[in-house]
Amino acid sequence: MSSKKLLPPKTGDLSDWYTSVIALADLADYGPAKGTMIIRPYGYAIWERVVSELDAEIKLKGVDNAYFPLFIPMSLLQKEADHVEGFAPELAVVTHGGGEELEEKLVVRPTSETIMYQSYSKWVQSWRDLPILINQWNNVVRWEKRTMPFLRTSEFLWQEGHTAHATHSEAEEMQMWGIKTYAKIYRDFFAMDGYEGYKSKSERFAGADNTLTYESLMPSGKALQACTSHDLGQNFSRPFDISFQDKEGVMQNVWQTSWGFSTRSIGGLVLAHGDDNGLRLPPKLAPIQVIIVPVKPQDSGLVEYCKKLYDALNGQVRVKIDMRDDESFGYRLNKWEVKGVPLIFKIGNKEAEAGQVTAKRRFDGIDVAIDAS
RNA sequence: CGGGGAUUGGCGCAGUUGGCUAGCGCGCGCGGUUUGGGACCGCGAGGUCGAAGGUUCGAGUCCUUUAUCCCCGACCA
């Protein structure tokens with residue numbers, strides 16, 4: 001009957017609370033190399049939910065997925081001056097391969113503009129080749145000085161969309177679509193409101209004419225840059241020579257955009273919705289939406305009742321039964337609370353006899369009796 | 001990059017002015033009693049103390065070198 005709290009209060013040291021929740025909810029571990037993170041199955045399941053929703057939106061817009069290499073030759077990265085200057089301090093560079101020093105150093109991609117646009121320059125000849133609408137889901141590396149799980153890690157997962165258009169207005173429309181889509185995902189799936197707007201000149205993406213951002217307020221009082229969408233103008237199409245003949249036969253450079261949404265969003269989710277009892281997940285992103293917890297997993301009658309509930313729900317919602325009989329009832333309840341499961345079904349003889357369930361709502365902590373029929 | 005802290009079983013820690021077989025809690029395994037909000041008893045497995053070198057009869061404790069991680073600030077999805 002111990003009442004000791006394993007989790008420090010959210011209102012205390014927020015950073016302490018944050019890292020504790022990440023660990024206790026089995027979202028992630030620290031990797032052995034500085035600033036790296038191991039995303040555990042439960043944390044990855046949340047990301048998979050995000051990927052599946054955002055990917056559907058991207059495809060709906062007519063953007064195709066592709067994959068470009070992890071390694072970028074140094075010379076390629078250096079083609080756009082602002083871009084290389086912006087990223088130089090945080091590059092991971094490969095100097096050796098196969099036991100020998102490389103003729104040309106390779107950069108582990110911090111973002112893929114350069115390596116993708118080299119291809120774009122080959123693929124675009126005519127106005128008929130436009131627009132190019134390509135997205136990729138991948139990992140990128142930025143050697144950050146200061147790191148924090150999900151919010152800022154040396155390596156992170158994201159999607160990066162890269163488009164090329166015949167006109168600036170078309171590119172602007174695309175950039176706007178990017179931030180609107182992200183905002184929609186944040187509002188509808190993360191249940192996180194935020195502010196859409198332009199970044200100041202000093203904060204905009206290295207190589208962009210302007211950057212649209214969606215920023216959400218965190219409990220620390222700081223805004224989290226949740227995702228960005230850039231108007232690249234012709235800053236890359238000129239050095240990379242991405243040009244085409246328009247309908248009048250005039251050579252022109254393309255207008256480009258890029259936009260990204262990363263695993264940082266999971267960190268924002270934890271910060272925005274977590275409480276003193278741990279994580280609270282919005283149902284649309286929760287890997288498990290309903291957890292059925294029998295008071296006595298040894299009681300075969302009770303288990304049978306739970307399985308009937310499970311069968312009725314399975315397929316409609318993401319549901320699991322917690323059958324561990326070596327953990328006390330209270331321990332199991334707290335375990336799922338920390339993990340942020342939206343609904344916890346507490347099932348004992350009382351419920352089985354009445355044909356009901358007692359559902360604990362994670363978001364407000366209230367017990368509700370529901371008829372099981 | 002600047003400032004702090006740390007490194008001892010899986011995790012969190014203790015280990016005095018150097019001294020016996022390196023401890024404790026949690027977790028883990030086995031057995032039993034329990035089970036409506038983080039249960040309990042018994043038995044048990046598991047570490048050579050971040051790394052390298054040195055001082056000493058003797059080093060987790062002292063010295064030198066070194067590696068790594070975490071936290072706090074300025075910069076970034």
Side-chain angles (χ1 to χ4, degrees), chain A residues 1-7 13-16 18-20 23-24 26 29-37 85-91 109-112 138-161 178-179 182 186 199 202-206 208 211-216 220 222-230 258-268 277-278 293-299 302 322 324-338 344-353 357-358 360 365 367:
Chain A
M1 203 59 69
S2 164
S3 64
K4 68 179 171 186
K5 280 280 182 186
L6 296 168
L7 188 66
D13 183 342
L14 186 65
S15 160
D16 188 25
Y18 178 79
T19 51
S20 299
L24 290 171
D26 295 334
D29 278 342
Y30 290 110
K34 176 177 168 53
T36 60
M37 169 180 69
E85 190 183 326
F87 282 102
E90 49 190 51
L91 294 179
R109 63 176 168 228
T111 179
S112 300
N138 62 14
N139 57 338
V140 291
V141 169
R142 298 179 187 180
W143 216 259
E144 302 288 354
K145 306 292 185 200
R146 183 148 148 53
T147 58
M148 182 72 88
F150 288 108
L151 294 172
R152 194 191 299 103
T153 47
S154 296
E155 176 190 4
F156 59 89
L157 307 183
W158 73 346
Q159 62 64 222
E160 47 177 328
I179 207 67
Y182 291 158
Y186 264 110
K199 278 287 196 186
S202 63
E203 283 189 305
R204 72 174 58 135
F205 179 76
T211 290
L212 275 167
T213 177
Y214 185 77
E215 313 232 347
S216 196
S220 62
K222 295 178 185 169
L224 182 76
Q225 180 179 315
C227 49
T228 47
S229 183
H230 315 292
S258 69
W259 23 279
F261 189 107
S262 75
T263 39
R264 168 179 283 182
S265 58
I266 308 294
N277 294 322
V293 184
V295 173
K296 295 179 185 174
Q298 300 85 339
D299 184 326
L302 201 56
D322 185 356
R324 283 197 67 147
D325 58 3
D326 61 324
E327 295 171 347
S328 71
F329 183 56
Y331 182 88
R332 284 177 286 141
L333 294 179
N334 281 290
K335 180 177 69 179
W336 294 110
E337 241 163 59
V338 170
I344 301 177
F345 281 9
K346 304 195 276 195
I347 309 297
N349 288 324
K350 205 171 71 186
E351 285 77 9
E353 282 160 20
V357 304
T358 298
K360 167 81 161 212
D367 277 337

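Proteins get letters first, then strands, A, B, ... in listed order; numbering begins at 1 in each.
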Problem - Separation of atom CG in A:Leu24 from atom C1' in B:G27, rounded to whole Å - result: 13 Å
Handout entry: Base-pairing mate for B:U17 - Watson-Crick or G-U, with both contacts under 3.5 Å
Key = none
Handout entry: Main-chain N/O of A:Arg332 paired to A:Glu327 side chain as donor or acceptor, under 3.5 Å
Key = no
Exercise for the section: Would you kindly give the NZ-to-P distance between A:Lys350 and B:G36, to the nearest whole Å? Expected result: 12 Å
Practice task
Using a 4.0 Å heavy-atom cut-off across all strands, classify A:Glu337 as base, sugar-phosphate, or nothing.
Solution key: base
Practice task
Write down the distance between CZ (A:Arg332) and P (B:U34), rounded to a whole number of angstrom.
Solution key: 17 Å
Completion exercise
Checking N1-N3 plus N6-O4 or O6-N4 for Watson-Crick, or N1-O2 and O6-N3 for wobble, each under 3.5 Å, the partner of B:C76 is none
Kindly give the atom pairs (protein nitrogen or oxygen, nucleotide nitrogen or oxygen) under 3.5 Å for nucleotides 8-12 of chain B.
none

Practice task
Rounded to whole angstrom, note down the C1' distance from B:G46 over to B:C1.
Solution key: 41 Å
Problem - C1' gap between B:C13 and B:G27, integer Å - result: 14 Å
Exercise for the section: Could you pull out the closest heavy-atom pair between A:Tyr18 and A:Pro149, with the gap in Å? Expected result: OH-O, 2.6 Å
Exercise for the section: Name the nucleic acid region contacted by A:Gly31, choosing base, sugar-phosphate or nothing; use a 4.0 angstrom heavy-atom cut-off, strictly under. Expected result: nothing
Practice task
Find the distance A:Arg324:CZ to B:G37:C1' and express it as a whole number of Å.
Solution key: 18 Å
Problem - B:G5 to B:G50 separation - C1' atoms, rounded to the nearest Å - result: 16 Å
Practice task
Using Watson-Crick or G-U wobble geometry with both distances below 3.5 Å, tell me the partner of B:U33, or none.
Solution key: B:A39
Completion exercise
Its contact letters, B for base, S for sugar-phosphate only and - for none at protein heavy atoms under 4.0 Å, make nucleotides 72-77 of chain B read BBBBBB
Practice task
Could you tell me how the ring of A:His230 sits relative to the ring of A:Phe205: parallel (under 30°), tilted (30 to 60°) or perpendicular (over 60°)?
Solution key: parallel
Problem - Distance, rounded to the nearest Å, where A:Asn349 contributes CG and B:G36 contributes P - result: 12 Å
Exercise for the section: Could you pick out which residue, A:Val338 or A:Lys34, lies toward the 5' side of RNA chain B when each is mapped onto its nearest nucleotide? Expected result: A:Val338
Problem - Where A:Tyr182 and A:Gly260 come nearest, the two heavy atoms and their spacing - result: OH-N, 3.1 Å
Handout entry: Ring-face cation contact, A:Trp336 with A:Arg324, 6.0 Å cut, 45° max
Key = no
Practice task
Could you check how far CG of A:Asn334 sits from C1' of B:G36, rounded to whole Å?
Solution key: 13 Å
Exercise for the section: Measure distances between side-chain N and O atoms of A:Glu351 and base N and O atoms of B:G36, and say whether any donor-acceptor pair falls under 3.5 Å. Expected result: yes
Problem - B:U7 and B:U56, which share atom name C1', separated by this distance in whole Å - result: 25 Å
Problem - 5′-ward residue of the pair A:Asp326/A:Pro149 relative to RNA chain B - result: A:Asp326
Exercise for the section: Using a heavy-atom cut-off of under 4.0 Å over every strand shown, decide if A:Ala23 touches base, sugar-phosphate, or nothing. Expected result: nothing
Exercise for the section: Look at A:Glu215 together with A:Lys199 and state whether they make a salt bridge at an N to O cut-off of under 4.0 Å. Expected result: yes
Exercise for the section: Sort out the partner of B:C26 for me: Watson-Crick or G-U wobble, both distances under 3.5 Å, none otherwise. Expected result: B:G10
Handout entry: Identified side chain to side chain donor-acceptor pair (under 3.5 Å) counterpart of A:Trp158 within the set A:Asn138, A:Asn139, A:Thr111
Key = A:Asn138
Exercise for the section: Report the base-pairing partner of B:U66 (Watson-Crick or G-U wobble, both distances below 3.5 angstrom), or none. Expected result: B:G50
Problem - A:Glu351 side chain to A:Thr358 side chain, donor-acceptor N/O pair below 3.5 angstrom - result: yes
Problem - Parallel, tilted or perpendicular: rings of A:Tyr186 and A:Phe261 (30°, 60°) - result: tilted
Problem - Between B:A67 and B:C11 - C1' atom distance, rounded Å - result: 23 Å
Problem - Distance, P atom - from B:G3 to B:A22, rounded to whole angstrom - result: 39 Å
Handout entry: Side-chain donor/acceptor of A:Lys335 to base of B:G38, under 3.5 Å
Key = no
Completion exercise
A:Asp29 CG to B:C69 P, in whole Å, measures 16 Å
Exercise for the section: Could you walk me through whether A:Ser112 and A:Glu160 pass side-chain hydrogen bond (donor to acceptor under 3.5 Å, both in side chains), step by step? Expected result: CA-CA 8 Å; A:Ser112 300; A:Glu160 47 177 328; 2.6 Å; yes
Practice task
Report yes or no: does A:Thr19 contribute a side-chain atom to a donor-acceptor pair with the main-chain N or O of A:Ser15 at less than 3.5 Å?
Solution key: yes
Practice task
Scan A:Glu160 against the nucleic acid and name what it touches under 4.0 Å (heavy atoms): base, sugar-phosphate only, or nothing.
Solution key: nothing
Exercise for the section: Decide yes or no, distance alone: a donor-acceptor N/O pair under 3.5 angstrom between the base of B:U35 and the side-chain of A:Gln298. Expected result: yes
Practice task
Could you please name the option among B:G36, B:C71, B:G38 that lies closest to any side-chain atom of A:Ser328?
Solution key: B:G38
Handout entry: Span that lies between the P atom of B:G19 and that of B:A59, in whole angstrom
Key = 11 Å
Exercise for the section: Output yes when at least one side-chain N/O atom of A:Tyr18 is less than 4.0 Å from OP1 or OP2 of B:C71, else no. Expected result: no
Completion exercise
When rounded to whole Å, the OH to C1' distance for the pair A:Tyr30 and B:U68 reads 15 Å
Handout entry: Separation of the C1' atoms in B:G9 and B:G32, to the nearest angstrom
Key = 27 Å
Exercise for the section: Compute whether any side-chain donor of one residue and acceptor of the other, for A:Gln225 and A:Thr213, lie under 3.5 angstrom apart. Expected result: no
